[in-house]
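This report concerns only the one structure given below.
Throughout, a chain's letter reflects where its sequence line sits, starting with A, and its residues are numbered from 1.
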Amino acid sequence: MEPEGSPSRPMIDEIHSNGGINLCDGDGDGDVDDEPSIDASTTTTTNNRRIISSGEQLDVEAYGGLYQGRTKIMRLLFIAESCEGNPAMRLEALRMAHDEIKKGENTQLYREVVQKIDGKLGSNYDMDSTWCDSVDRRADQKKEKLENELNAYRTNLIKESIRMGYNDFGDFYYAHGALGDAFKSYVRTRDYCTTSKHIIHMCLSAILVSIEMGQFTHVTSYVSKAEQSPEALDPITAAKLRCAAGLAHLEAKKYKLAARKFLETGSELGSHYNEVIAPQDVATYGGLCALASFDRAELKSKVIDNVNFRNFLELVPEVRELINDFYSSHYASCLDYLGNLKANLLLDIHLHDHVETLYDQIRNKALIQYTHPFVSVDLQMMANAFKTSVAGLEKELEALITDDQIQARIDSHNKILYARHADQRNATFQRVLQTGNEFDRDVRSMLLRANLIKHEYNLRAARKH
Amino acid sequence: MNSLEGVVVQIQGLSSSAGDISRLHVILKQAEESLRSESTRLSPILNQLDPSNHSLGYLYILEACTSAPVSKEQAATLVPYIARFISYCAPEQIRLAPEKFIAVCKRFKDQVMLLGTPMRGVAPLQAAVRKLQNSSEHLTTLHPEFLLLCLLAKCYKTGLSILEEDIFEVDQPRDLFLYCYYGGMICIGQKRFRKALELLHNVVTAPMSSINAIAVEAYKKYILVSLIHNGQFSTSLPKYTSSAAQRNLKNYCQSYIELANSYSTGKIAELEQYVQTNGEKFESDNNLGLVKQVVSSMYKRNIQRLTQTYLTLSLQDIANTVQLNSPKEAEMHVLQMIQDGEIFATINQKDGMVRFLEDPEQYKSCEMIERIDSSIQRIMSLSRKLTTMEEQMSCDPQYLAKAGRERQRFDFDDFDTVPQKFNI
């Protein structure tokens with residue numbers, strides 16, 4: 001029972017409090033009601049820990065609570081940038097980013113954030129130059145210390161120490177925001193790795209830095225390197241690697257592969273990979289990519305019947321509902337959910353530039369799937385099912401037909417769509433005749449050209465003699 | 001004078017058998033010079049000779065007659081003589097002196113054009129072509145002359161009858177270029193775009209060591225016909241095109257290639273704009289009519305695309321989609337296309353709706369079976385031709401010498417040298 005139970009609240013807002021999720025569980029009860037709600041106008045945002053949910057604003061605090069480390073800061077900054085029209089949310093995001101940065105040692109980011117805050121949050125959030133200077137000084141001292149240590153180890157030629165030295169350097173650079181140097185340091189440990197554990201550690205660090213830098217080609221290569229390790233990976237590491245691979249594919253717009261990777265992620269992931277991705281993200285990315293790129297059979301077997309992935313989907317019940325709706329052909333509600341989620345998905349750092357494409361693909365799939373089993377479809381009814389106008393629907397269908405994704409013809413007078421299956425026999429005859437003509441034409445011109453070349457050759461030979 | 005009389009007597013006497021004719025040929029060759037010097041007085045002699053029996057002699061005298069430039073009045077008298085000669089002459093005799101025959105026919109063509117009545121030359125030249133050909137696959141120098149007269153006289157159908165035959169043997173490459181170019185133009189005139197495309201393609205891809213003007217003009221028309229017939233044009237020429245053509249053709253036909261690019265965008269307004277601005281260029285190449293056909297073909301193509309998507313569509317919608325000005329125009333376009341057999345549809349004027357139908361061809365009729373059967377026969381004979389050609393080639397001594405030198409050597413015996421020449 002909700003502490004603030006107002007009976008009209010849609011039930012989807014509750015998040016199934018699975019163990020291991022780094023959330024403040026506000027209510028404590030973990031019921032999720034199955035009744036889908038189309039009503040998007042909901043109420044309070046105060047202590048409910050709904051994250052990405054129907055139509056409301058993103059709860060920035062809860063969202064930030066899902067992550068840790070540098071990605072938390074980057075995500076909050078991205079939200080601040082993207083929600084220009086919503087100053088309250090923007091300031092909240094900047095405030096949280098500021099607090100998080102202060103906990104770390106990255107003065108560069110600190111300066112940026114303070115500039116963006118611009119004094120709007122009160123005097124606590126003004127430029128604290130003393131803090132900056134002290135951090136920088138400490139950084140220099142630490143760097144010197146690390147360098148000395150590393151040199152000592154290098155002269156001693158103790159592999160393990162050298163490896164640790166480089167690792168420490170990598171961590172140091174990462175904390176201070178010098179991502180390129182961090183990456184180089186981590187990669188340097190490769191020569192000093194002795195066990196497969198070391199290699200995996202190096203790969204994970206490299207992957208982390210590459211994701212932060214946005215260089216996803218490195219991510220793919222290091223994931224495969226880690227997966228090739230001779231020892232069996234423990235489930236959490238395996239799950240982490242799958243997520244990273246999925247992210248890389250997502251960035252490369254290979255939605256099918258991304259979906260597969262996300263769906264294979266084990267539920268042991270929990271919140272262990274908070275410095276990169278939250279389990280809610282796994283569910284959302286995986287669900288949407290699967291919906292956009294899988295066919296029905298694959299959707300059923302890999303998503304709906306996937307016990308493992310169900311754990312993730314419980315975290316974002318809306319995505320689960322929308323997948324189920326799509327599969328059971330309730331397109332209107334499915335598209336509604338999608339519409340509601342859109343605003344918040346655009347604030348997500350990895351997904352924002354894929355949202356449009358994915359949405360278009362899902363919509364097209366819905367249209368195709370709707371018309372597939374029928375011989376004739378009344379466009380008026382279809383427009384109702386998709387909550388659009390007949391004229392708009394006609395335009396969309398025309399595009400799909402021209403693209404050859406739907407085999408049908410539109411009767412524009414009566415507004416009916418008729419399925420049309422190509423007559424194989426006629427098509428074969430046409431092709432045969434055409435091939436015959438082409439062969440005829442090509443052989444004749446070949447013989448002619450051969451004759452000309454022979455003539456030319458003879459002419460040249462005659463001239464030579 | 002005497003030598004002239006003597007020649008006439010010889011001709012009359014020695015025109016009966018093959019052996020005699022070859023002797024006559026030798027005599028005539030020797031007498032050639034003297035004949036030419038007497039060219040002005042030769043016309044009355046022609047009356048003494050019979051064109052069908054004394055073809056060779058008649059030919060030599062005719063050739064000497066016409067060797068000097070003629071004026072219009074002389075042309076008027078000579079033309080009927082030559083025409084008569086061509087229709088009556090004996091093919092075996094004139095094939096002994098083909099260059100003379102060709103020269104005579106060419107001058108005949110010039111005279112006919114001088115008189116301004118190309119129509120008079122069409123039938124005689126057609127007969128001339130038939131008589132000069134060794135076989136129906138042989139291309140003579142007279143073919144392009146004949147086609148030129150057909151074009152000038154606008155007798156396209158007679159030209160088509162010659163074009164229907166396949167050509168495999170060519171005397172002179174230049175003949176082929178002209179033949180295919182004129183033939184392409186005739187086919188365009190008759191709206192046989194497929195055949196026109198084929199002929200123009202032959203010109204453009206023929207082996208040539210350096211670019212020539214005929215190929216350039218042919219390429220321009222090729223681009224336009226390709227747009228009309230196929231709705232698209234690709235600037236990449238096939239691999240077997242000569243390198244000279246591949247490198248240089250595009251430079252001369254820049255505005256046409258831009259026209260093709262504009263066409264491929266599918267926007268009619270842009271295309272018409274482009275045609276407007278470059279009108280004089282197309283006009284100067286005599287291609288403006290063809291360009292206008294390209295523009296109207298775009299409307300057709302857009303309407304055809306609609307048949308793939310819609311079963312029925314209102315005329316208003318057609319006008320909007322295809323960017324026509326009014327439903328009335330759309331109706332006219334659709335009507336024209338139905339009449340030309342380019343689409344299958346019915347127009348319901350009451351509702352202003354067009355109903356698109358499927359192609360009624362079921363491929364079950366007798367005509368279709370005959371058509372398929374004849375296609376099969378044709379292709380089989382073509383295959384046989386290919387095989388014989390390959391056999392001939394593999395016995396050719398030059399080929400063997402070249403291939404022998406570069407063959408792979410797997411065995412000890414392979415290292416024997418191949419003889420360079422076969423003295424058989």
Side-chain angles (χ1 to χ4, degrees), chain A residues 376 391 394-395 397-404 406-461 464-465, chain B residues 137 139 166-173 176-177 180 194-195 197-199 201-202 205-209 238 240-242 305-314 317-318 321 348 351-356 358-359 361-364 368 371-372 375-376 378-379 382-383 385-386 389 393 396 398:
Chain A
S376 65
E394 211 174 303
K395 282 273 165 291
L397 286 173
E398 188 183 331
L400 285 173
I401 294 176
T402 320
D403 240 358
D404 210 22
I406 301 185
Q407 277 81 42
R409 306 260 287 297
I410 303 177
D411 180 345
S412 182
H413 186 46
N414 301 323
K415 303 289 177 209
I416 301 184
L417 182 82
Y418 287 100
R420 173 225 209 175
H421 300 289
D423 187 342
Q424 289 280 41
R425 184 174 173 279
N426 282 357
T428 314
F429 268 103
Q430 266 180 335
R431 262 205 322 272
V432 161
L433 284 172
Q434 194 187 344
T435 316
N437 283 338
E438 280 172 22
F439 177 81
D440 194 22
R441 183 194 66 198
D442 289 339
V443 170
R444 267 186 295 126
S445 44
M446 265 202 290
L447 287 173
L448 186 59
R449 269 197 304 279
N451 192 291
L452 280 175
I453 295 178
K454 189 158 136 206
H455 176 91
E456 171 105 13
Y457 185 74
N458 287 340
L459 210 64
R460 257 187 276 147
K464 252 194 281 187
H465 298 318
Chain B
E137 295 169 0
L139 184 76
D166 302 329
I167 300 288
F168 293 116
E169 252 183 83
V170 175
D171 279 340
Q172 283 282 340
L176 179 71
F177 288 140
C180 286
R194 195 167 66 80
K195 194 149 177 71
L197 207 59
E198 204 181 303
L199 287 166
H201 183 82
N202 278 341
T205 56
M208 53 179 115
S209 47
Y240 44 77
T241 322
S242 65
R305 216 173 304 144
L306 286 175
T307 64
Q308 293 303 313
T309 332
Y310 287 93
L311 258 183
T312 63
L313 196 56
S314 70
D317 282 332
I318 295 182
T321 326
N348 184 336
D351 297 335
M353 281 280 158
V354 178
R355 190 178 185 81
F356 297 117
E358 293 281 346
D359 182 355
E361 178 63 63
Q362 285 293 315
Y363 299 96
K364 287 180 187 160
M368 185 49 72
R371 196 173 138 198
I372 295 181
S375 274
I376 295 178
R378 211 179 136 78
I379 292 185
L382 211 60
S383 298
K385 206 181 184 69
L386 257 184
M389 193 167 170
M393 191 80 81
D396 186 275
Q398 289 165 322

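- Side-chain polar atoms of A:Asn437 and A:Asp440 form no donor-acceptor pair below 3.5 angstrom.
- A salt bridge links B:Lys385 to B:Glu137: one of the charged nitrogens lies within less than 4.0 Å of a carboxylate oxygen.
- Contact count versus chain A (heavy atoms, under 4.5 Å) is highest, among B:Glu198, B:Met368, B:Gln172, for B:Glu198.
- The closest donor-acceptor contact from the side chain of B:Glu361 to the backbone of B:Tyr363 lies under 3.5 Å.
- Annotation: maximal heavy-atom pairing with chain A below 4.5 Å, among B:Leu311, B:Asp317, B:Leu313, occurs at B:Leu311.
- Taking chain B as the reference chain and counting heavy-atom pairs below 4.5 Å, the highest number among A:Arg441, A:Glu394, A:Arg444 is found for A:Arg444.
- Heavy-atom distances place the backbone of B:Thr307, and not its side chain, under 4.5 Å from chain A.
- Side-chain N or O atoms of A:Ser376 include none that pairs as donor or acceptor with a backbone N or O of A:Tyr418 at under 3.5 Å.
- Options A:Asp411, A:Ile406, A:Ile401 differ in how many heavy-atom pairs under 4.5 Å they form with chain B, and the most are formed by A:Asp411.
- Counting heavy-atom pairs under 4.5 Å between each of B:Arg305, B:Gln362, B:Met389 and chain A puts B:Gln362 at the top.
- Without hydrogens or angle criteria, A:Arg409 side chain to B:Tyr310 main chain gives a donor-acceptor distance under 3.5 Å.
- Neither the backbone nor the side chain of B:Ile376 comes within contact range of chain A, judged by heavy atoms closer than 4.5 Å.
- Annotation: cation-pi pair A:Arg449/B:Tyr240 present, NZ/CZ under 6.0 Å from the ring centroid and within 45° of its normal.
- Contacts between B:Met393 and chain A at a heavy-atom distance below 4.5 Å are absent for every atom of the residue.
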